[in-house]
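I have placed the structure first, in the form of structure tokens, so that the comments after it can refer back to it.
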Amino acid sequence: MQLDIRNYYEVLLMEMLRDEGLMDELPEEYLSDLCCVTLNQLPVRYIRHLVDTYFFEDYAELQKMKNEIQQALEKSRAFLKANLKRREDEEAALAASKNDLNALPSL
């Protein structure tokens, strides 16, 4: 049995990324990381039918959810940027230490 349920925050996040053109611009790996980090900051709101959600949705509540997503998205971008910088620094340090080892005279 397959249930037709999904997280509404995920739907809204994908819509926002698509509207901003980021779905086509960003590499798939980065986009996946960005979505995961962003969604992990947000509450879960399960829905069954997207059409019903649009029909019964309160505009103020939708705006609140979109603002929450935007804030989480900004934090996620900063986190991923810092993480990438740290990883690049670690890789550079590792490469430098390997070069130092290679420069040692053989016994």
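Throughout, numbering of the chain's residues begins at 1 and tracks the sequence.
- Counting all heavy atoms, side chain and backbone alike, Met16 lies closest to Ile69 at SD-CG2, 3.4 Å.
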Decide salt bridge (charged side-chain N to carboxylate O under 4.0 Å, His left out) for Arg6 and Glu10; before the verdict, give the C-alpha distance in whole Å, the side-chain angles of both, and the deciding distance to 0.1 Å.
CA-CA 8 Å; Arg6 58 186 121 169; Glu10 184 176 342; over 6 Å; no

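- Taking hydrophobic clusters as Ile, Leu, Val, Met, Phe, Trp and Tyr residues chained together by side-chain heavy-atom distances below 4.5 Å, Leu26 does not share a cluster with Leu84.
- With sequence neighbours excluded, no residue forms a salt bridge (charged side-chain N to carboxylate O under 4.0 Å, His left out) with Arg48.
- Legend: residues meeting side-chain hydrogen bond (donor to acceptor under 3.5 Å, both in side chains) with Gln41, ordered by chain and number and at least two apart, are Ser76.
- With sequence neighbours excluded, the residues that form a salt bridge (charged side-chain N to carboxylate O under 4.0 Å, His left out) with Glu61 are Arg45.
- A single hydrophobic cluster is not seen to contain both Tyr46 and Leu39; linkage of ILVMFWY side chains at heavy-atom distances under 4.5 Å, directly or through other members, places them apart.
- For the atom pair OG1 (Thr38) and CG (Leu13), the distance works out to 5.5 Å, reported to the nearest 0.5 Å.
- With sequence neighbours excluded, the residues that form a salt bridge (charged side-chain N to carboxylate O under 4.0 Å, His left out) with Glu20 are Arg77.
- Atom CE of Met14 sits about 10.0 Å away from atom CG of Asn7, to the nearest 0.5 Å.
- Atom CD of Glu29 sits in a sparse spot, with 12 or fewer heavy atoms from other residues, nucleotides or ligands closer than 6.0 Å.
- Considering only residues two or more places apart in sequence or on other chains, Glu74 meets the salt bridge (charged side-chain N to carboxylate O under 4.0 Å, His left out) condition with none of them.
- Distance check: Leu80 CG to Tyr30 OH gives 5.0 Å after rounding to the nearest 0.5 Å.
- Residues Val37 and Leu22 fall within the same hydrophobic cluster, defined by Ile, Leu, Val, Met, Phe, Trp and Tyr side chains chained together at heavy-atom separations under 4.5 Å.
- Taking both residues in full, the closest heavy atoms of Lys66 and Leu12 are given as CE-CD2, 4.4 Å, listed atom of the first, atom of the second, then distance.
- Between Leu42 and Tyr9, the shortest heavy-atom contact is CD1-CD2, 3.9 Å.
- Glu57 meets the side-chain contact (heavy atoms from CB on, under 4.5 Å) test with Tyr8, Thr53, Tyr54, Leu62; sequence neighbours excluded.
- Rounded to the nearest 0.5 angstrom, Phe79 CZ and Leu34 CG are separated by 11.5 Å.
- For the atom pair Glu68 CD and Gln63 CD, the distance stands at 11.5 Å (nearest 0.5 Å).
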